J.: 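Sharing a structure, written as structure tokens. Questions coming.
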Amino acid sequence: MINLKIQHLMTLMYLLTIGAKNNFRPITTISLGKHINKSQQAASKHLSELEKNKYIKRITRGKNTYVKITDNGYNEIKTMSNLLNNSLSSSLLSFIELQGLLISGMGEGAYYMSLRGYTDQFKSKIGYIPFPGTLNIKLNDVIYLDTIKQICESKCIVINGFSDGIRTYGWVKCFKAIMNKSIDCHLIFLERTHHDNSIIELISKQNLRQYANISNNSKVTIKIPVYD
């Protein structure tokens, strides 16, 4: 028997969509070729190979051809479907991983994290008021810059900007994260920041420096769950 290639599976799937699992259905190689993005000759070859290896049955009535999927053919489709479903299920919860080195911040995190317009929202939206201050990580490879863009475009919790009557403050995007394999925290992106994309900031209930017992130039890993 042939090792089924993607084009054979595409042919079988198309036949399934036109109801050829339980009934003989009329088909032309022209229409098949269009649906599987192949030439008429290639479509004809696929049908011949599938018939020869007992994945389909064909009946010819004059100029008309009728095709039905055999049990073998249907089982191949189910096997592929199960593989795809298992792969998709395993990826429903996956992680984006970042690595970098701990650096000193500019001292602004403590001020902003303690503003009432933010703390009230943090409490209600992420479940805690962060320790006043952010942990600054310098990403150690340019490969992470594209990853940062991917994270920014993912689903997140948004802390809305606000005004205190004197000045306005920008939004904060919060992403659940795990630091150094076990420490729960949030990766944040600010609407207004002095940092470029190579520096990221983390917040947590704890003073992360002390809790993780780390200092400048310590290696830090961050995992951000990604839900499909």
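The model shown is predicted, which means the values in this text are computed figures rather than measured ones. Just so it is clear, the values below take in all heavy atoms, side chains as well, and ignore hydrogens, waters and symmetry mates.
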J.: Flag the pair Val172 / Arg192 as yes when at least one side-chain heavy-atom distance between them is below 4.5 Å, and no otherwise.
T.: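 SC-SC contact between Val172 and Arg192 ruled out.
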J.: Pairing donors with acceptors under 3.5 angstrom, does anything connect the side chains of Tyr128 and His186?
T.: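 Yes, His186 and Tyr128 have a side-chain donor paired with an acceptor closer than 3.5 Å.
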J.: Out of curiosity, Leu84 CG to Met80 CE, how far, rounded to the nearest 0.5 Å?
T.: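 Reported to 0.5 Å precision, the distance equals 6.0 Å.
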J.: Quick check: do Asn180 and Lys219 have side-chain heavy atoms less than 4.5 Å from each other?
T.: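 Answer no - side chains too far apart.
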J.: Looking at every non-hydrogen atom in both residues, tell me the closest pair between Ala43 and Gly33 and how far apart they are.
T.: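 Ala43 and Gly33 have their closest heavy atoms at CB-N, 3.8 Å.
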J.: Asp184 and Ser204: side-chain donor and acceptor closer than 3.5 Å?
T.: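 No, because no side-chain N or O of Asp184 sits under 3.5 Å from a partner of the opposite role on Ser204.
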J.: Taking all non-hydrogen atoms of both residues into account, name the closest pair between Lys138 and Ser198 and its distance.
T.: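 That closest heavy-atom pairing would be NZ-OG, 2.8 Å.
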J.: Do the side-chain N and O atoms of Gln99 and Thr221 include a donor-acceptor pair separated by under 3.5 angstrom?
T.: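 Absent: no donor and acceptor within the cut-off.
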J.: When you compare the side chain of Ile159 with that of Phe122, does any pair of heavy atoms fall below 4.5 Å?
T.: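 Yes, their side chains come closer than 4.5 Å.
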J.: Name the orientation class of the two ring planes belonging to Tyr111 and Tyr169 (parallel below 30°, tilted from 30 to 60°, perpendicular beyond 60°).
T.: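 Judged by the thresholds at 30° and 60°, the geometry between Tyr111 and Tyr169 is tilted.
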J.: Which heavy atom in Ala212 sits nearest to a heavy atom in Met179, and how many Å separate them?
T.: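 Heavy atoms only, the tightest pair is CB-CE, 3.5 Å.
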J.: Can Thr79 and Ile77 be said to form a side chain to side chain contact (heavy atoms under 4.5 Å, CB included), step by step?
T.: CA-CA 5 Å; Thr79 298; Ile77 299 173; over 6 Å; no
J.: Is a side-chain N or O of Asp141 found less than 3.5 angstrom from the main chain of Ile143, in a donor-acceptor match?
T.: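 Here the side-chain-to-backbone pair exists.
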J.: Report the distance from atom OG1 of Thr17 to atom NE2 of His35, rounding to the nearest 0.5 Å.
T.: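 These two atoms lie 7.0 Å from each other.
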J.: Rounded to the nearest 0.5 Å, how far apart are CG of Leu50 and NZ of Lys45?
T.: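 Leu50 atom CG to Lys45 atom NZ measures 12.0 Å (nearest 0.5 Å).
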J.: For His8 and Lys5, indicate whether the former's side chain and the latter's backbone hold a donor-acceptor pair under 3.5 Å.
T.: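 Here the side-chain-to-backbone pair exists.
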J.: Measuring from atom CE of Met10 to atom CG of Leu12, what distance do you get when rounded to the nearest 0.5 angstrom?
T.: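 Atom-to-atom, Met10:CE and Leu12:CG are 11.5 Å apart.
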J.: Tell me whether the NZ or CZ atom of Lys21 lies within the 45° cone about the ring axis of Tyr74 and under 6.0 Å from its centre.
T.: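 Yes, Lys21 and Tyr74 form such a contact.
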J.: Supply the atom-to-atom distance Ile188 CD1 to Cys156 SG, rounded to the nearest 0.5 angstrom.
T.: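 Ile188 atom CD1 to Cys156 atom SG measures 12.0 Å (nearest 0.5 Å).
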J.: Measure the CD1-OG distance between Ile137 and Ser218 for me, rounded to the nearest 0.5 Å.
T.: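 Between atom CD1 of Ile137 and atom OG of Ser218 there are 9.0 Å.
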J.: Using side-chain heavy atoms (C-beta onward) and a distance below 4.5 Å, is Lys125 in contact with Asn160?
T.: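 When only atoms from C-beta onward are counted, Asn160 and Lys125 do touch, with a gap below 4.5 Å.
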J.: Quick one: are Ser48 and Arg58 in side-chain contact, heavy atoms under 4.5 Å?
T.: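 Of all side-chain heavy-atom pairs linking Arg58 with Ser48, at least one is under 4.5 Å.
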J.: Hey, does Leu208 have a side-chain heavy atom less than 4.5 Å from the side chain of Ile203?
T.: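 No, every pair of side-chain atoms sits at 4.5 Å or beyond.
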J.: Is Val67 close to Lys57 at the side-chain level, that is, under 4.5 Å between some pair of heavy atoms?
T.: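 Lys57 vs Val67: side chains apart.
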J.: Does some side-chain heavy atom of Leu202 sit less than 4.5 Å from a side-chain heavy atom of Thr134?
T.: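 A side-chain contact is absent here, since even the closest heavy-atom pair is not under 4.5 Å.
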J.: Under 3.5 Å, side chain of Ser31 to main-chain N/O of Ile27, donor-acceptor pair present?
T.: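 Not a single qualifying donor-acceptor pair exists.
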